[in-house]
Amino acid sequence: MNELVTYWFYCCRVFSPQIPTDVIVVVGEDNFSLHKFILAAKSNYIRKVIMESEESDLTRIDLTNIPGGREAFEKVAKFCYGVNFEITVHNVTALHCAAVFLQMTDEYCDANLAGRTNSFLSEVGLSTLHSAVAVLNSCRQLLPFAADFNVVDRCVEVISSKVCSEANFPSQSPPNWWTEELAALDVDSLPKVIAAMKQRGAKYFTVAGALITYTERALPELVRDHTGGGRGIRSTKFDDSGSDPDAESRRTEQRELLQSILPLFPTEKAAFPINFLCCLLRCAIYLRASSACKRELEKRVTEILEHVTVDDLLVLTFSYDGDRLSDLDSVRRIISGFVEREKSTTVFNDVGANFNENFSGVMQRVAKTVDAYLAEIAAYGELSISKFNGIAILIPKGARKSDDNLYRAVDIYLKVHSNMDEIEKEKVCSVMEPLKLSYEARVHASKNKRLPLQIVLHALYYDQLQLRSATAEEREAAEAEKKQLQADVTLVRENEELRSELMKMKMFISDLQKSAHGTPSSSAREALGPNKKPTFFSSMSKKLSKFNPFKSGSKDTSHIDDAPVDLTKPRRRRFSIS
């Protein structure tokens with residue numbers, strides 16, 4: 001019955017303006033003509049205002065400070081008059097805060113608005129990650145009420161719980177789909193969610209993945225192509241002059257966003273890829289971020305500089321249009337910090353070690369990358385000698401196995417800056433050592449007209465020394481080869497002679513065995529003649545005489561035994577082929 005009465009009064013107000021209202025509710029610049037007893041039936045706050053008013057007939061109530069403003073109060077009024085409206089994830093926070101503010105709770109009236117909005121939050125608003133993010137974002141305009149009425153904390157707890165669960169046990173594809181959901185958070189809500197994730201034990205790479213995606217979505221035109229695009233970042237035009245007020249306002253907003261995200265980064269040095277950090281540092285340079293922000297990013301790049309590529313360093317160097325050099329100071333500080341760290345590590349790990357003589361593979365790899373980077377920036381006319389040399393000398397000379405890459409950079413610089421005098425050319429060339437060039441590089445340098453005369457003479461002199469040294473070595477190698485060949489020929493000849501002697505010995509033993517069995521050989525029968533039969537002793541004597549190795553007869557052969565000869569151990573020779 002009460003609902004019908006309420007609905008009737010509301011219809012009278014809407015369709016029959018002649019029926020008078022008894023109170024005007026002021027919300028900012030908007031006035032709502034309503035009925036006091038209908039509002040007081042649902043709101044304990046309005047009832048108290050009416051009861052405690054000093055006026056006997058209160059006709060005006062100011063609710064300018066109600067959470068959600070005009071839109072929220074309009075729905076509250078509809079609820080009081082029994083008119084249906086839709087509660088969504090976008091307006092439930094405003095309705096809940098307004099209902100709690102007006103004390104529209106179930107303790108005051110059954111099935112009141114605060115209870116309904118609270119049920120919607122539990123059953124719908126906080127049921128999924130997407131809806132919870134939407135509800136949390138709606139809290140931004142309702143602070144501090146949303147925080148005081150526990151809506152913010154409930155959203156943060158639900159979001160952090162669902163994110164950690166998905167990161168550990170993915171239920172959808174791709175596995176990191178949740179990072180896109182977190183990217184929709186406003187910049188004020190993100191720190192709360194990240195802090196709750198860390199409190200729940202989220203791994204550092206989980207937090208890093210969320211922050212990478214968030215930064216890419218928050219600064220899409222600045223943080224992009226972080227796979228190492230070098231100068232290939234020309235898609236958007238940027239105004240560095242500051243003449244456009246809108247552009248400057250946008251830059252200020254982006255700078256504040258970046259500086260608020262950076263403190264959320266995990267402390268682990270392997271949390272972020274170096275190409276992403278280089279892009280973020282380039283963004284900080286363009287946005288003119290604070291020195292603390294840029295130094296923190298430079299420190300993070302320095303810690304993992306061994307993974308840097310030439311394109312990563314070029315991202316830091318060039319402006320966003322890719323046509324001019326923007327910043328070299330950050331690159332210098334990063335390289336200098338890396339060298340100092342390597343020096344400290346070498347001395348700490350090996351007390352008494354000389355850093356200038358013991359360079360790690362990491363140091364040598366970075367040196368090679370820096371030389372290739374110098375070759376890239378050397379082609380730009382605005383690069384001064386001091387800046388070129390300032391980067392080249394940061395790398396210890398002993399860290400370069402060869403100065404070929406550095407020579408290439410010097411040659412490009414001399415070619416582009418062709419109007420330099422001899423002293424300036426010598427200053428550019430002073431960063432390299434001609435004695436550390438390869439043979440091909442020395443040959444090129446000896447014919448390079450761009451090099452100063454002193455460098456050419458160094459290259460030629462060292463090249464001649466190398467050629468002489470190479471000739472002596474070749475002569476020694478040829479002599480050794482000749483001696484080896486002669487030794488091989490002698491060995492073959494001696495082996496052939498030995499093989500021949502062995503064959504004769506085998507024939508001699510074979511004839512002895514046949515004679516011992518009474519079978520004379522054909523040569524023995526010819527020696528006896530046709531009419532004369534040889535006796536056993538005469539045949540044996542002639543045979544022994546024929547195959548006696550001591551044919552000269554000058555040596556005593558009486559000690560030779562008639563027993564069969566043992567062939568298992570032939571007489572030893574220097575080049576035996578047993």
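Quick caveat: nothing in here was measured; it's all calculated off a predicted structure. As a basis for the values below, the full set of heavy atoms in this structure was taken, side chains included, without hydrogen atoms, waters or symmetry mates.
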Without swapping roles, check the side chain of [X] against the backbone of [Y] for a donor-acceptor pair under 3.5 Å.
X	Y	value
Ser127	Val124	yes
Ser260	Leu257	yes
Asn118	Ala114	no
Tyr286	Arg251	no
Ser160	Glu157	yes
Lys192	Asp188	yes
Asp312	Thr309	yes
Asn137	Ala184	yes

What are the two closest heavy atoms between [X] and [Y], and how far apart are they?
X	Y	result
Ala41	Tyr108	O-CE2, 3.6 Å
Val89	Ser131	CG1-CB, 4.0 Å
Ser330	Ile285	OG-CD1, 3.7 Å
Ala94	Gly68	CB-CA, 4.2 Å
Arg408	Ala375	NH1-CB, 3.0 Å
Phe79	Arg116	CE1-NH1, 3.6 Å

Should the pair [X]-[Y] be classified as a salt bridge under the 4.0 Å nitrogen-to-oxygen rule?
X	Y	result
Glu166	Lys162	no
Lys269	Glu306	no
Lys343	Glu340	no
Glu298	Arg332	no
Arg70	Glu29	no

Approximate separation, where rounding is to 0.5 Å, of [X] [atom1] and [Y] [atom2]:
X	Y	atom1	atom2	value
Leu136	Leu126	CG	CG	9.5 Å
Met104	Ser43	CE	OG	6.0 Å
Leu383	Leu328	CG	CG	6.5 Å
Thr179	Arg217	OG1	CZ	7.5 Å
Trp177	Leu129	CH2	CG	5.0 Å
Leu313	Asn275	CG	CG	11.5 Å

Review point. Which of these passes side-chain contact (heavy atoms from CB on, under 4.5 Å) with Phe276: Pro273, Cys278, Cys279?
Key: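 Only one option passes, and that is Pro273.
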Counting only heavy atoms not in [X], do more than 12 sit closer than 6.0 Å to its [atom1] atom?
X	atom1	answer
Arg255	CZ	yes
Lys294	NZ	yes
Lys198	NZ	yes
Asn65	CG	yes
Gln172	CD	yes

Does any donor atom in the side chain of [X] or [Y] lie under 3.5 Å from an acceptor atom in the other side chain?
X	Y	value
Glu107	Thr105	yes
Thr64	Asp62	yes
Arg47	Asn44	yes

Exercise for review: Determine, stepwise, if the pair Leu34 / Tyr81 fulfils side chain to side chain contact (heavy atoms under 4.5 Å, CB included).
Suggested key: CA-CA 10 Å; Leu34 302 171; Tyr81 280 89; 3.6 Å; yes
Exercise for review: Show the numbers, then the answer: is there a side chain to side chain contact (heavy atoms under 4.5 Å, CB included) between Leu262 and Phe265?
Suggested key: CA-CA 6 Å; Leu262 191 59; Phe265 281 14; 3.6 Å; yes
Note, [X] side chain near [Y] side chain (heavy atom, < 4.5 Å):
X	Y	answer
Val23	Ile50	no
Asn405	Val370	no
Ile159	Leu182	yes
Glu180	His130	no
Leu211	Phe272	yes
Leu287	Glu256	no
Ile46	Val25	no
Ile274	Val301	yes

Review point. Should Ile395 and Met363 be marked as a side chain to side chain contact (heavy atoms under 4.5 Å, CB included) after you check the CA-CA gap, both sets of side-chain angles, and the distance that decides it?
Key: CA-CA 9 Å; Ile395 301 296; Met363 184 74 246; 3.9 Å; yes
Review point. Is the Lys NZ or Arg CZ of Arg282 less than 6.0 Å from the centre of Phe318's six-membered ring, within 45° of the axis?
Key: no
Check your understanding: Between Phe32 and Phe73, what is the ring plane arrangement, given parallel below 30°, perpendicular above 60°, and tilted in between?
Key ->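 Rings of Phe32 and Phe73: perpendicular, as their planes differ by over 60°.
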Revision key, fill the gap. Paired with Ser138, the side-chain hydrogen bond (donor to acceptor under 3.5 Å, both in side chains) test is passed by just one of Thr93, Thr88, Asp186, namely Thr93
Practice item. List the steps and the verdict of side chain to side chain contact (heavy atoms under 4.5 Å, CB included) for Asn91 and Glu71. Key: CA-CA 9 Å; Asn91 64 22; Glu71 292 79 7; over 6 Å; no
